[in-house]
Every structure is written in C-alpha cells, then in structure tokens.
Amino acid sequence: MKHFKLAALASATAALVAACGGGSDSGPDRGKLRETPQVLATLTAAQIDAGTAASGLQAISGKAKCDVKVVALDYDTVGVKNGEAANASGVLLVPAGACAAVRAPLVAYAKGTDLQRPRTLANPQDGETALLIAMYAAQGYAVVATDYLGYAKSTYSFHPYLHADSEASSVLDSIRAARNAAPQVGGQFSDKLFITGYSQGGHASAAAQRAAQADGDIKVTAGAHLAGPYNLSGSLKVPDAIAGYQFFVPFLVSTYQKIYGNVYAKPSDIYNAPYADYIEDLLPSATLTSTTLITTGRLPGGTPNQARDALYKPAFLADTRDNPNSALSMDARKNDLLGWTPTAPVLLCGGAGDPTVSPAVHQRVLKADFDARGVQNVTSVDVDPQIRAIYGPPPAPGTPAFATYYGSYHGGYEPPLCAAQARAFFAKYQ
C-alpha cells in the first residue's frame with residue numbers, strides 16, 4: 001500500500017478544482033455569521049476519487065459517494081475572558097450531488113497544531129481539509145472545522161494554544177455557524193452530531209464534548225478524540241522531551257503566560273538567549289514554517305532534548321518537572337481533560353509508537369481515569385499494529401530511516417488510520 005501523503009492528495013484535488021443563529025449564551029451572538037458563506041468549490045465524486053487514488057488514501061477512505069461543496073465561514077465566538085467578543089473562521093463541507101437530498105449527520109472537527117497564522121481550512125488544497133473531504137464529506141457527513149482563535153480571518157490578538165475553554169468555544173460556535181449557514185448553501189443536517197479532532201484537535205474536541213454536556217444546548221451523539229494531549233500536567237513530568245518540543249512547548253508556555261500571567265516575570269527568567277528576546281509572540285508565525293523557524297535560527301534544532309536544553313534554563317526545567325505546584329504545572333492542570341464523565345459514547349484513538357503525543361502519557365491515562373470512575377461508554381483503540389503492517393517495524397535508532405519513520409508517525413501515518421476508526425465508530429450511532 002502507498003504511504004498516505006496528505007499533501008499529494010491535496011495537490012491532486014487542487015489540480016482538479018482548477019479544471020472545474022447564535023447560541024443562547026449572553027455576550028456575543030455566538031455562531032452568528034459575519035459574512036455570507038462563500039462556496040469556494042464543488043468537488044465531484046470523480047475528482048475526489050482521483051485525488052485519493054493518487055495519494056494512496058482510497059484504500060482507507062473508500063470511493064466517494066457524494067460531491068462536496070467547500071464553503072468558507074467567518075463567525076462570532078468568544079475569547080478567553082468571560083463575554084469577550086471574538087471571531088473565528090473555518091470551513092463547512094456539504095455533501096452534494098447524489099447526496100444533496102439526504103439529511104447529513106454533522107461532524108465538528110478540530111485541527112492539529114498549526115504554526116502558520118494565515119492558514120485556513122477553507123481551502124480544498126489544504127491536506128487536512130482534503131482528508132476531511134475524503135473520510136467524511138464524500139461519505140455523506142457534513143463537516144464543520146474551525147481555524148480557532150488567532151488564525152486566518154480571526155482578529156483575536158493571539159492563539160490560546162491548548163486552552164481547553166476557548167478551544168471548546170471555537171468548536172461549539174462553529175457548530176452554531178454551520179447550522180446558520182446550511183440553508184444558504186444547500187445543506188441540511190440530521191439530528192446526529194459528532195465531535196472529533198486530531199492532536200491539538202483531540203484535546204479541543206474532548207474539551208468541546210465536555211463543554212457541550214455541561215452547557216446542555218448542543219446535544220452530542222458521540223465523540224472521537226484522536227491522538228490528543230489530555231494529560232498536559234503529566235506530560236511536563238516526563239524526563240525526555242517529545243518530538244517537536246521546540247514548537248509545542250514554547251507555544252504552550254506563551255499561551256499560559258498570556259492567560260494566567262504567572263509563568264515568569266520576564267522571558268529571560270526561564271528562556272536562554274537569544275530566544276528570550278522574541279519567543280513570546282513567535283507562534284503562530286505569519287511567514288515562517290516549521291522548517292524555516294529552525295533554519296533561520298528562530299528556534300533550535302537538534303534532538304528533542306537538545307532543543308529543550310537550548311531553549312530553557314535548567315532551574316525552570318527542574319521546577320516544572322519536580323514541583324507539582326510550579327506555575328506551569330498548575331496552569332496545565334486547569335487544562336487537563338481528566339475527571340469528567342461523558343454521557344455520550346467516546347472513542348479514543350492513537351498509535352503506541354507516537355513520539356509526539358504518547359498514548360502512554362495521554363490516551364491510556366485518560367482511559368484509566370474513566371475506568372477508575374466506572375465510565376462504561378469509552379472505547380480505546382491503538383492503530384500501531386496497522387502502522388507496522390503498512391510501514392514495517394520501526395527502523396534501528398540513529399539511522400536516517402528511523403528519523404523518517406518517527407518524523408512521519410504523528411503527522412502522516414496516524415491521522416488517516418484514526419480518522420477511519422472515528423468514522424466507523426460514528427456509523428454505529430447514525
């Protein structure tokens with residue numbers, strides 16, 4: 001089987017494209033559309049099939065049953081403060097063609113960590129959007145996916161990274177926006193609502209399911225939370241740095257400093273030079289990618305542990321690791337997703353070999369937390385056996401093949417396999 005190259009799928013889709021009311025909360029009118037929804041493209045089932053065949057994804061996604069309209073959204077939501085007005089953009093994917101007359105279940109999706117501020121999912125050329133089209137929308141599900149606060153058309157001053165409450169608001173208000181937009185773009189939804197997300201989005205989707213249950217005005221049919229960092233405070237105690245540490249951890253630290261104001265008095269208290277001079281507002285970047293952030297020296301390269309030690313002062317690392325009452329640990333605990341009891345069914349999915357969001361630290365801990373409290377409606381799946389069957393066992397450490405394997409695991413191998421698990425899970429509740 002071919003590797004699942006989302007970029008290749010997006011490129012194939014792009015070439016084919018070229019050929020052809022608010023919530024009840026006080027404050028902002030949450031989910032209100034700020035502009036008329038814009039249909040950017042309508043992809044035919046044949047076009048989608050050509051893209052998935054070219055990328056190798058079709059073996060997992062199956063052939064398209066529907067055409068898909070790609071619709072841009074811009075909607076009202078809230079910021080990190082109570083009643084604070086904000087906006088977010090996103091995409092609505094509407095089944096069309098042979099599926100146009102069918103009332104579609106709605107899937108609300110939360111995206112993974114994004115280092116580029118201008119990026120929007122309202123783009124049929126985007127790899128993550130192409131995956132949503134193939135896995136869900138072309139199979140008869142409507143999909144709404146938020147860009148979050150601080151990205152694309154959002155005028156919010158920063159992105160509150162891994163801040164559970166604002167992630168939840170962005171997702172839930174995208175659902176309201178999708179329901180407001182549907183009549184204008186030929187969409188019609190059934191009463192089934194599913195919430196899912198990958199990586200950061202797994203954290204966001206779990207937070208959204210928890211918030212929807214607490215609020216009561218949006219009824220969730222089931223949730224599938226994929227490779228999410230649910231145990232943030234526990235992850236800070238792990239002795240070795242995760243893959244991608246130089247991106248994820250400064251992003252997290254900067255967010256919590258902006259929201260809670262307690263991590264440091266000044267950046268040089270915890271950061272080494274030269275990073276202390278600019279790190280607070282580096283991410284997400286208006287121009288730099290994960291590659292150019294390192295090649296330009298804005299962030300350190302090297303192994304994860306080398307990147308960690310280049311960024312942070314030893315005293316801060318020791319305090320965060322060993323002191324459960326350190327400021328960063330306390331902030332992270334506020335955003336852990338342990339201790340809640342879902343009333344709707346939940347799927348947790350990840351791969352045991354994930355070097356970025358380890359299931360041993362996050363998925364298994366969350367499942368054990370549910371089990372300890374007698375929660376019966378949670379299923380946990382490990383896709384590592386499938387990854388090994390497709391790509392072989394992990395190569396020997398220290399080899400170029402090993403670096404490629406683990407560099408591709410979280411961002412390439414795992415997402416389509418967990419998305420397939422989520423779709424099969426949702427099918428049980430339609």
Side-chain angles (χ1 to χ4, degrees), residues 9-10 13-14 16-22 31-52 61-75 88-111 120-147 152-153 170-197 205 218 220-221 419 422-423 426-427 430:
L9 170 61
T13 303
L16 292 164
V17 171
C20 37
K32 180 180 178 181
L33 299 173
R34 296 168 64 92
E35 56 187 39
T36 301
Q38 180 185 2
V39 179
L40 303 176
T42 300
L43 308 180
T44 67
Q47 290 172 330
I48 295 165
D49 283 344
T52 57
S61 68
K63 288 192 172 183
K65 301 174 182 177
C66 316
D67 299 347
V68 177
K69 292 181 183 178
V70 181
V71 182
L73 300 179
D74 186 3
Y75 61 93
S89 55
V91 68
L92 174 62
L93 304 175
V94 180
C99 305
V102 179
R103 290 169 58 82
L106 178 61
V107 174
Y109 177 80
K111 67 178 181 176
T120 178
L121 294 178
N123 175 9
Q125 301 179 42
D126 184 272
E128 202 163 3
T129 303
L131 179 62
L132 296 176
I133 290 169
M135 293 300 303
Y136 299 110
Q139 304 299 319
Y141 293 86
V143 181
V144 63
T146 180
D147 294 329
K153 292 183 178 181
S170 294
V171 173
L172 296 182
D173 292 343
S174 76
I175 294 167
R176 297 179 172 111
R179 289 171 172 170
N180 289 335
Q184 302 181 51
V185 294
Q188 49 183 338
F189 304 153
S190 74
D191 62 352
K192 303 297 184 181
L193 171 65
F194 303 106
I195 297 182
T196 189
S205 61
I218 291 179
V220 177
T221 306
R423 191 177 77 192
F426 294 157
Q430 283 187 231

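Not measured: the values here are computed from a predicted model. Residues take their numbers from the sequence shown, with the count starting at 1.
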If we ignore hydrogens and angles and just use 3.5 Å, is the side chain of Gln188 paired with the main-chain N or O of Ala101 as donor and acceptor? yes
In chain order, what residues pass the ring pair (Phe, Tyr, Trp, His ring centres under 6.0 Å) check against Tyr141, with sequence neighbours excluded? none
Does a donor on one side chain and an acceptor on the other come within less than 3.5 Å for Thr129 and Asn123? no
Output for pair (Ile195 CD1, Phe426 CZ), nearest 0.5 Å, gives 8.5 Å
Separation between CZ of Arg179 and CD1 of Ile218, rounded to the nearest 0.5 Å: 6.0 Å
Residue pair Ala137 / Leu93: nearest heavy atoms and the distance that separates them: CB-CB, 3.8 Å
If you measure from CD on Gln430 to NZ on Lys192, what distance do you get to the nearest 0.5 Å? 9.0 Å
Looking only at heavy atoms, what is the nearest atom pair of Ile48 and Ala134, with distance? CG2-CA, 4.5 Å
For Pro37 and Gln184, the nearest pair of non-hydrogen atoms, with its separation, is CD-OE1, 3.2 Å
Evaluation steps, side chain to side chain contact (heavy atoms under 4.5 Å, CB included), between Val94 and Val39: CA-CA 10 Å; Val94 180; Val39 179; over 6 Å; no
Looking at CZ of Arg34 and OH of Tyr75, how far apart are the two atoms once the value is rounded to the nearest 0.5 Å? 11.5 Å
Main-chain N/O of Val185 paired with Lys69 side-chain donor or acceptor, under 3.5 Å: yes
Interatomic distance, Ile175 atom CD1 to Phe194 atom CZ [nearest 0.5 angstrom]: 12.0 Å
I need the minimum non-hydrogen distance between Ala181 and Leu92, along with the two atoms involved. CB-CD2, 4.2 Å
Taking all atoms of both residues into account, what is the closest heavy-atom pair of Val171 and Ala108, and its distance? CG1-CB, 4.2 Å
Is the backbone N or O of Lys63 less than 3.5 Å from a side-chain atom of Gln139, with the two atoms forming a donor-acceptor pair by type? yes
Set out, in order, the CA-CA distance, both residues' side-chain angles and the distance that settles side chain to side chain donor-acceptor pair (under 3.5 Å) for Ser89 and Asp147, then state yes or no. CA-CA 6 Å; Ser89 55; Asp147 294 329; 2.6 Å; yes
As an exercise, state the distance from CG of Asp126 to OG1 of Thr120, rounded to the nearest 0.5 Å. 8.0 Å
Specify the closest pair of heavy atoms between Asp49 and Ala64, including all atoms of both residues, with the distance to one decimal. OD1-N, 2.7 Å
